[in-house]
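Report on the following structure.
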Protein chains: 2
Amino acid sequence: MNNGISLKELAAELNLAPSTVSRALNDSYEISEATKKKVISMAEKLNYQPNPFARSLRENKSKTIAVIIPERINYFFSQVIDGIEEITSEHGYHLLVYSTHEDVEKEKKILSLLQNGRADAIVMSVSSQTSDVSHLKRLHDRGLPILFFDRICSEIPTTKFITNDYESAFEGTKHLIQQGCKKIAFLMLSKELSITKERHRGYVDALKMAGMEPEPAFSLHCCHSDEDNTQLIRELLLSSNRPDGILSSVEKLALATYQAVKKTNLSIPDDLKIISFSNMSIAGLLNPSLTTITQPAETIGEECAKLLIKKLTKPRQPDLLNQVITIPSKITIRESTLVR
Amino acid sequence: MNNGISLKELAAELNLAPSTVSRALNDSYEISEATKKKVISMAEKLNYQPNPFARSLRENKSKTIAVIIPERINYFFSQVIDGIEEITSEHGYHLLVYSTHEDVEKEKKILSLLQNGRADAIVMSVSSQTSDVSHLKRLHDRGLPILFFDRICSEIPTTKFITNDYESAFEGTKHLIQQGCKKIAFLMLSKELSITKERHRGYVDALKMAGMEPEPAFSLHCCHSDEDNTQLIRELLLSSNRPDGILSSVEKLALATYQAVKKTNLSIPDDLKIISFSNMSIAGLLNPSLTTITQPAETIGEECAKLLIKKLTKPRQPDLLNQVITIPSKITIRESTLVR
DNA sequence: TTTAAATACGAAAACGTTTGCGAAATTTTC
DNA sequence: GAAAATTTCGCAAACGTTTTCGTATTTAAA
């Protein structure tokens with residue numbers, strides 16, 4: 001790979017010192033307008049491209065942001081990354097994207113790769129297996145800006161972006177109750193996950209407010225495998241005391257529920273109503289169409305990025321505040337919770 | 001950000017020269033086993049992490065691969081990236097992921113950012129607007145390894161990975177004909193796209209083989225906007241001479257068709273049968289379930305990565321061969337093409 | 001006219017690695 | 001026991017930037 005001309009060679013071509021050329025290209029006040037013009041035009045003519053590694057080495061910053069998500073095949077995370085890229089690309093930042101595949105060991109490995117300054121900051125959503133957070137804490141203690149979204153980590157004092165998990169789950173559950181559900185189940189990935197806790201809390205409170213008692217067996221703890229989840233949910237649906245309503249805390253479990261229902265003689269929404277957190281654009285095309293709680297994914301990504309850019313580009317920014325910023329979700333009612 | 005200890009400091013701690021420590025860590029034959037042990041244990045104790053930029057600067061390689069896709073919210077591309085990451089991460093490579101949003105100007109901008117060696121190679125699928133390929137050619141001429149998949153670029157002499165577009169489209173169209181379709185339309189993004197050309201060729205040949213003449217108006221040229229596409233397709237479906245079968249060359253147009261059909265009093269599959277290239281795992285949950293041609297996305301990503309890793313890590317590899325590698329798709333028949 | 005200030009640029013160091021070369025110290029060879 | 005070969009390590013340069021400091025030239029002030 002021919003990397004093109006270097007600053008030194010460009011300087012030689014211009015009969016100038018490298019320092020002068022560098023300053024001219026960086027628009028330093030110490031360089032005359034005449035020289036700047038000459039330098040810039042020659043740089044364009046020779047298509048000079050500064051070496052990013054020399055610059056990173058010298059300036060101790062990489063112009064790169066690491067994004068870590070639990071899975072890539074997911075509307076929500078894809079949208080968030082789109083939002084991040086939208087903002088960061090305008091400021092010349094590059095995105096390293098990693099998927100943990102919900103595996104905390106992979107997560108640790110990725111974070112250890114990020115110890116050396118390869119990225120100027122991290123934007124992440126933790127894996128469903130993450131309970132010990134020492135690998136996150138280590139990087140944060142070193143001063144690497146870390147920002148969480150969706151699946152946040154309360155132990156790390158930094159800024160986190162989430163949706164109104166509690167209220168949305170509360171409203172979703174309330175909606176199921178209003179539609180006549182008497183026995184409502186809650187589907188979750190891991191109990192450790194921040195979103196699980198908050199959404200479950202909203203679910204429980206809504207039940208209680210309606211004078212219903214949450215049954216432990218109705219809080220179904222699922223895993224990463226779609227097949228296993230489908231089986232698990234199917235068993236729940238075939239049990240003697242089966243639920244007639246489901247609040248799914250994540251999209252994939254709603255889809256597993258659809259798959260599970262297909263293997264029974266039940267029907268949605270007649271025998272089972274379901275509402276799910278989901279960012280699928282095609283929720284309306286499912287059979288039956290799925291009532292969803294949709295997060296403002298792209299906005300979340302954008303807000304993460306805006307804050308980060310401010311932190312990274314302004315001269316003497318304070319550390320990211322230990323705060324949780326909430327951007328509300330939107331409930332869209334469709335056939336899966338219909339009374340007919 | 002505290003980047004930790006440097007090689008020099010580690011050397012000082014050991015009373016050794018930096019060169020010795022470097023060689024010890026890189027397992028050079030010039031260093032005694034005793035010294036290696038001492039160095040390695042001290043490096044672990046002090047958690048020494050080599051600075052990637054110093055190394056990149058010195059070695060003129062970044063251990064980074066750029067992946068450029070037309071859109072992120074897309075099952076196929078997400079799966080391909082998963083496949084790429086699967087392989088590259090094992091070899092210590094990092095992934096810079098860019099989305100062009102089907103915008104050739106963004107594509108050009110991204111490629112110009114990659115002129116300076118930030119990535120050791122590029123794996124990409126071109127945007128639907130890409131017809132002039134000079135921005136790709138420039139980088140390839142410089143010696144940067146570029147590898148195409150799915151939407152390939154025949155003008156650039158390098159290795160490309162695709163599925164059997166022609167055959168799949170041929171078989172898909174044949175299937176529609178066998179199901180009784182008499183007037184089959186073809187939905188496409190841009191005419192320039194390699195996948196459009198090949199899939200359209202398969203479509204046309206299947207029609208001809210059945211003694212049917214392809215109508216020009218039935219080759220519908222769509223765009224990037226879902227709303228516009230839905231409207232376009234709706235108009236086609238409401239026209240006096242409407243199709244009774246559709247082969248969609250990309251997933252998003254099948255979904256737009258579903259949306260369009262909802263706004264008519266037509267029904268799939270009774271009035272209109274549809275088959276589409278698609279990697280949606282939930283094609284079976286749509287209403288009605290969608291007959292799909294599914295690409296081996298993850299395999300494509302893995303094969304791209306394997307070839308690239310070989311090229312990048314083995315000492316004196318030749319340039320990537322100018323060849324097209326085909327990995328076949330799989331057709332899954334569902335309700336959307338059912339006769340009832 | 002002399003001196004001080006401002007302007008415009010160059011020399012060199014630094015960032016943290018890797019590596020060619022040289023040179024002790026040790027071992028082998030004859 | 002001397003010479004040669006081998007082992008083991010250090011010195012210094014190099015990668016391509018940015019920046020501190022110094023300095024020559026020009027301009028402004030006294």
Side-chain angles (χ1 to χ4, degrees), chain A residues 1-40 42-43 46-64 92 113 115-118 120 142 313 315, chain B residues 1-40 42-43 46-64 92 113 115-118 120 315:
Chain A
M1 165 71 177
N2 165 25
N3 261 350
I5 199 175
S6 77
L7 186 71
K8 214 183 290 182
E9 294 167 311
L10 177 58
E13 199 70 31
L14 285 157
N15 278 326
L16 286 172
S19 51
T20 304
V21 176
S22 172
R23 276 186 272 245
L25 291 174
N26 291 330
D27 203 28
S28 161
Y29 73 99
E30 297 185 281
I31 305 298
S32 70
E33 289 304 320
T35 317
K36 279 184 190 171
K37 286 230 196 311
K38 269 192 290 187
V39 169
I40 291 172
M42 181 64 83
L46 301 183
N47 189 28
Y48 166 72
Q49 303 285 342
N51 182 307
F53 305 119
R55 187 174 276 174
S56 289
L57 179 58
R58 171 66 213 222
E59 310 218 294
N60 200 30
K61 53 187 179 187
S62 63
K63 279 276 189 179
T64 299
L113 289 174
Q115 284 187 71
N116 52 22
R118 189 177 281 272
D120 293 339
R142 277 183 163 225
T313 57
Chain B
M1 166 71 178
N2 165 25
N3 263 349
I5 199 175
S6 78
L7 186 70
K8 215 182 292 182
E9 295 167 310
L10 176 58
E13 198 70 31
L14 285 158
N15 278 326
L16 286 172
S19 52
T20 305
V21 176
S22 171
R23 274 185 270 247
L25 292 174
N26 291 328
D27 201 29
S28 160
Y29 72 99
E30 296 186 280
I31 306 298
S32 70
E33 288 306 319
T35 317
K36 280 183 190 172
K37 287 233 195 309
K38 269 192 290 186
V39 169
I40 290 172
M42 180 64 83
L46 301 183
N47 190 28
Y48 166 71
Q49 303 286 342
N51 182 307
F53 306 118
R55 186 173 276 176
S56 290
L57 179 59
R58 170 67 212 221
E59 309 220 293
N60 200 31
K61 54 186 178 186
S62 63
K63 279 276 189 179
T64 299
L113 290 174
Q115 285 187 71
N116 52 22
R118 189 178 280 273
D120 293 339

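Fair warning: this is a prediction, and the values are worked out from it, not measured in the lab. Note: hydrogens, waters and symmetry copies are ignored here, and every other heavy atom, side chains too, is used. Letters A, B, ... mirror the listed sequences (proteins, then strands); counts begin at 1.
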Next item on the list: Would you indicate what Asn26(B) reaches in the nucleic acid, counting non-hydrogen atoms under 4.0 angstrom: base, sugar-phosphate, or nothing?
Entry: sugar-phosphate
Margin query: So Glu59(A), base contact, sugar-phosphate only, or nothing? Heavy-atom distance under 4.0 Å.
Written below: sugar-phosphate
Next item on the list: Figure out the CD1/C1' separation between Ile5(A) and dC15(D), and round it to whole Å.
Entry: 16 Å
Checklist line | Interatomic distance where CZ belongs to Arg23(B) and P belongs to dC9(D) [whole Å] | finding: 10 Å
Next item on the list: Would you kindly give the CD-to-P distance between Glu13(A) and dG16(D), to the nearest whole Å?
Entry: 16 Å
Item checked: Between C1' of dA14(D) and CG of Leu7(A), the distance in whole Å -> 16 Å
Notebook entry, point to check: Contact class for Glu33(A) vs. all strands (heavy atom < 4.0 Å): base, sugar-phosphate, or nothing?
Noted result: nothing
Margin query: Just N and O in the side chain of Ser32(A): are any of them under 4.0 Å from OP1 or OP2 of dC9(C)?
Written below: yes
Check: Quick one: is Arg55(B) getting a side-chain N or O under 4.0 Å of the dG16(C) phosphate, OP1 or OP2?
Finding: no
Item checked: Side-chain heavy atoms of Val21(A) within contact of Met42(A), under 4.5 Å -> no
Notebook entry, point to check: With distance as the sole test, does Ser62(A) use its side chain to make a donor-acceptor pair with the main-chain N or O of Ser56(A) at under 3.5 Å?
Noted result: no
Check: Which nucleotide sits closest to the side chain of Lys8(B): dT17(C), dA11(C), dC21(C)?
Finding: dT17(C)
Checklist line | Arg23(A) side chain vs Ile31(A) backbone, donor-acceptor pair below 3.5 Å | finding: no
Margin query: Using a 4.0 Å heavy-atom cut-off, does Ser22(B) contact any base of the nucleic acid, only the sugar-phosphate backbone, or nothing at all?
Written below: base
Note to self: Closest-nucleotide mapping onto DNA chain C: is Tyr29(A) or Ser19(A) further toward the 5' terminus? I mean the 5' end.
What the structure shows: Tyr29(A)
Margin query: I want to check one thing: is the phosphate of dT17(C), taken as OP1 and OP2, less than 4.0 Å away from some side-chain N or O of Tyr48(B)?
Written below: yes
Next item on the list: Provide, to the nearest angstrom, the distance between the CG atom belonging to Leu57(B) and the C1' atom belonging to dA14(C).
Entry: 12 Å
Next item on the list: Could you check how far NZ of Lys63(A) sits from P of dT17(D), rounded to whole Å?
Entry: 16 Å
Check: How far apart are the closest heavy atoms of Pro52(B) and Arg118(A), and which atoms are they?
Finding: CB-NH2, 3.6 Å
Next item on the list: Say whether, by atom type as modelled, one donor and one acceptor occur between the side chain of Ser22(A) and the main chain of Pro18(A) under 3.5 angstrom.
Entry: no
Notebook entry, point to check: Within this structure, what is the CG-to-C1' distance between Leu10(A) and dT17(D), rounded to whole angstrom?
Noted result: 13 Å
Note to self: I want to check one thing: is the phosphate of dT19(C), taken as OP1 and OP2, less than 4.0 Å away from some side-chain N or O of Arg58(B)?
What the structure shows: no
Checklist line | Spacing of Lys61(B) atom NZ relative to dG16(D) atom P, expressed in whole Å | finding: 16 Å
Check: Start at the 5' end of DNA chain D and walk down; is the nucleotide closest to Gln49(A) or to Asn15(B) reached first?
Finding: Asn15(B)
Note to self: Please check: side-chain N/O of Asn116(B) versus main-chain N/O of Asn51(A), any donor-acceptor pairing under 3.5 Å?
What the structure shows: no
Check: Quick one: which of dT17(D), dG10(C), dT8(D) gets closest to the side chain of Glu30(B)?
Finding: dT8(D)
Check: Within the structure shown, what part of the strands sits under 4.0 Å from Thr35(B) by heavy-atom distance: base, sugar-phosphate, or nothing?
Finding: sugar-phosphate
